[in-house]
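Please read the structure below before turning to the comments.
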Amino acid sequence: MKSALYLYNTLTRKKELFEPLAPPFVGMYVCGPTVYSEAHLGHARPAVTFDVLYRYLMHLGYNVRYVRNITDVGHLENETDDTGEDKISRRARQEHLEPMEIVQKYMNSFHHAMEKLNTLPPSIEPRATGHIIEQQQLTEKLIGEGYAYEVNGSVYFDVEKYDGRHNYGILSGRVLEDMRANSRALEGQDEKRGQFDFALWKKAAPGHIMRWPSKWSDGFPGWHLECSVMSTKYLGETFDIHGGGMDLIFPHHECEIAQSTAAQGHQPVRYWVHNNMVTINGQKMARSLGNFITLEEMFSGSHKLLARAYSPMTIRFFMLQAQYRSTLDFSNEALLAASLGLQKLMNAEKTLAGLIPGGSSTADISGIAAKCHEAMSDDLNTPIAIAHLFDAVRIINLVNDGKEKLSAEDIRSLQELFRIFIHDLFGLRAEESAGNDRLEGVLKLLLDIRQEAKAKKEWAVSDRIRDRLSELGITVKDRKDGYDWEITA
RNA sequence: GGUCGGUUGGCCGAGUGGCUAGGCAUCGGUCUGCAAAACCGGGUACGGCGGUUCGAAUCCGCCACCGACCUCCA
């Protein structure tokens with residue numbers, strides 16, 4: 001039933017059979033957020049993608065160590081020249097807070113959003129500031145190996161030199177020579193020897209709060225360094241999976257490979273896995289375009305582009321309806337479609353729980369589970385797996401209508417299939433009810449009265465309750481044996 | 001300009017050389033006091049132009065358009 005997993009490896013640009021270095025253990029490192037602003041839609045894509053990969057690997061029986069970092073220092077606003085300011089520092093200045101207050105504030109916000117999206121917490125969530133010493137050690141090692149040099153208290157990685165012995169561009173497909181030909185050197189007093197060299201250690205300007213002593217200067221580590229250091233520390237010099245958004249392929253992951261390879265003599269990662277980006281109404285999401293939506297805005301509907309609120313599970317399901325390597329376009333129409341589709345799936349699960357076995361089955365459900373697993377094993381093709389689940393949904397509803405029959409055994413295996421896929425792998429859960437108990441009690445009273453009125457054929461009363469509730473944004477759904485209701489506005 | 005990816009029915013979104021994605025919407029039906037909800041069912045799309053092939057949305061070429069990265073981004 002459980003098939004071999006194939007993953008698309010950015011390094012080879014092919015789907016490859018996933019074979020861990022040391023089964024049953026799997027090491028997976030995913031680039032987490034730089035915590036300098038609210039968690040947004042773009043953060044949700046890798047979080048959900050790698051959450052599903054994490055869940056699926058565990059489902060396949062692997063013992064997974066999932067490391068996802070928090071970048072809390074070193075990520076510059078503009079890396080190519082020396083004017084670049086650390087994102088955390090900059091935000092701290094803007095908000096009149098300590099840098100560590102900024103980090104804490106937005107890290108909390110990120111965790112809160114991740115919890116709502118029902119992503120499992122990683123095994124280890126290391127922070128760059130907690131690994132300053134290790135980053136200095138790696139910097140020192142790179143200097144010792146001749147791949148890094150110091151200028152005015154800052155240390156840079158020598159890309160030219162590295163490319164001479166290894167291959168800078170192995171991941172992104174870039175060729176240093178072409179890059180040189182296609183970009184003009186920046187004017188000015190750059191202290192770097194080569195224009196593509198990147199910082200391992202930056203000397204802090206006088207007013208810079210985030211600074212640590214080092215043999216070169218009081219300063220802070222470069223952005224790419226933390227991932228090399230922390231992945232090595234917790235997963236070893238070679239580990240199985242490194243994930244992140246496609247936008248990180250260059251330069252971030254390319255630089256990570258360069259650093260680790262220069263230090264170790266061999267590459268650090270066996271499978272590079274990258275999720276694609278999200279777009280809004282067909283456009284890239286960017287602050288400058290005014291279509292930048294945070295997750296909280298998504299959940300509450302408080303953004304001018306949103307026609308209504310979309311629940312965390314709707315967002316999650318929406319993401320799973322696309323394969324992780326495709327761009328995913330957010331629009332009100334698409335999100336609404338996803339929320340209705342999700343409802344249909346969850347309703348069917350409820351129906352399934354109450355299904356009455358009918359001797360022998362007239363519907364054929366064999367093969368559905370295998371197809372779902374096959375889809376997942378084919379580079380996490382969640383949309384295909386979902387499509388197969390909807391085949392099961394149709395059968396469940398037909399059985400519920402008495403048009404087909406399922407044996408007790410088949411019902412049990414469908415229940416298991418739904419439990420595994422909907423909950424264990426897709427991480428979907430029932431939405432928490434937004435109201436409070438007391439109001440729900442009142443609502444129930446009202447709807448009970450309506451039921452009684454209906455029983456007495458007092459249509460004026462029953463319709464009035466229904467219509468007034470509808471005006472208040474509560475839709476009453478009559479069922480054969482009672483009623484249901486839903487907050488729709 | 002360079003590198004890479006994409007263009008599928010009203011919308012989103014899979015996919016394979018010949019056979020059906022799936023969801024939403026729409027239409028028809030069942031149910032219902034009416035309606036809603038729920039459920040069932042119908043509709044056969046693949047950017048343009050050539051080529052390969054018995055046969056291509058799927059392979060090749062050219063063109064057009066879109067996007068990503070190259071500069072901060074998940």
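Convention: sequence-line order gives letters A, B, ...; per-chain numbering from 1. Scope of the values below: all heavy atoms of this structure, side chains included, with no hydrogens, waters or symmetry mates.
Listed candidates were B:rA74, B:rA21, B:rC69. Nearest to the side chain of A:Met285 is B:rA74. Here the nucleotide nearest the side chain of A:Asp329, chosen from B:rG13, B:rG23, B:rC72, is B:rG13. For A:Asp391, counting side-chain heavy atoms from C-beta on, the closest listed nucleotide (B:rG22, B:rC69, B:rA74) is B:rG22.
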For a quick test of your reading: what N or O donor-acceptor pairs under 3.5 Å do the side chains of residues 382-402 of chain A make, sequence neighbours left out?
unit_1: A:Thr382; atom_1: OG1; unit_2: A:Leu320; atom_2: O; d: 2.7
unit_1: A:Asn397; atom_1: ND2; unit_2: A:Val393; atom_2: O; d: 3.3

Sub-3.5 Å pairs of nitrogen or oxygen atoms, protein against nucleotides 15-17 of chain B:
unit_1: B:rG15; atom_1: OP1; unit_2: A:Asn381; atom_2: ND2; d: 3.2

Below 3.5 Å is the cut-off: list the nitrogen or oxygen pairs between protein and nucleotides 37-42 of chain B, distance only.
unit_1: B:rC39; atom_1: O2'; unit_2: A:Asp401; atom_2: OD2; d: 2.2
unit_1: B:rC40; atom_1: OP1; unit_2: A:Arg394; atom_2: O; d: 3.4

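The separation of B:rA25 from B:rC60, taken at their C1' atoms, amounts to 38 Å, rounded to a whole angstrom. Across the P atoms, B:rC24 and B:rA37 are found 13 Å apart, a figure rounded to whole Å. A distance of about 36 Å separates the P atoms of B:rG6 and B:rA38, rounded to the whole Å. One P atom belongs to B:rC12, the other to B:rU20, and the distance between them is 24 Å to the nearest Å. Separating the P atom of B:rA56 from that of B:rG13 is a span of 28 Å, rounded to the nearest Å. Across B:rU58 and B:rG15, the matching P atoms stand 15 Å from one another, rounded to whole Å. Between the P atoms of B:rC11 and B:rG48, the separation comes to 15 Å (whole Å). Separation of the C1' atoms belonging to B:rA21 and B:rC63 is 31 Å when rounded to the nearest angstrom.
Under the salt bridge (Lys or Arg N to Asp or Glu O under 4.0 Å) criterion, A:Glu16 pairs with no residue, sequence neighbours left out. For A:Glu115, the salt bridge (Lys or Arg N to Asp or Glu O under 4.0 Å) partners are A:Arg429, not counting sequence neighbours.
Residue whose closest nucleotide on RNA chain B sits further toward the 5' end, between A:Ala337 and A:Arg45: A:Ala337.
Look at CZ on A:Phe330: it is 15 Å from C1' on B:rC11, rounded to the nearest Å. If you take CZ of A:Phe318 and P of B:rG13, they are 6 Å apart, rounded to a whole angstrom.
Here A:Leu328 lies in heavy-atom contact (under 4.0 Å) with sugar-phosphate atoms only. Residue contacts shown for A:Asn400 are absent, as no nucleic acid heavy atom lies under 4.0 Å away. Residue contacts shown for A:Val278 include a base, since a base heavy atom lies under 4.0 Å away.
In this structure, A:Phe390 does not pack face-to-face on the six-membered ring of B:rG23, missing the 5.5 Å centre cutoff or the 30° plane limit.
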Could you provide the dot-bracket string of RNA chain B, using ( ) for intrastrand pairs, [ ] for crossing pairs and | for bases paired to another strand, with Watson-Crick or G-U pairs below 3.5 Å? (((((((..(((.....[...))).(((((.......)))))....(((((..]....))))))))))))....
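Results of the side-chain contact (heavy atoms from CB on, under 4.5 Å) test with A:Tyr483 over A:Arg466, A:Lys477, A:Lys444 single out A:Lys444 as the only residue that passes.
For A:Arg466 and B:rA36, a side-chain-to-base donor-acceptor distance below 3.5 Å is absent, hydrogens and geometry of angles not being considered.
A cation-pi arrangement is present between A:Arg325 and A:Tyr8, with the terminal nitrogen or guanidinium carbon under 6.0 Å from the aromatic centre and inside a 45° cone about the axis.
Aromatic ring pairs are classed by plane angle as parallel below 30°, tilted from 30° to 60° and perpendicular above 60°; the pair A:Phe318 and A:Phe330 is perpendicular.
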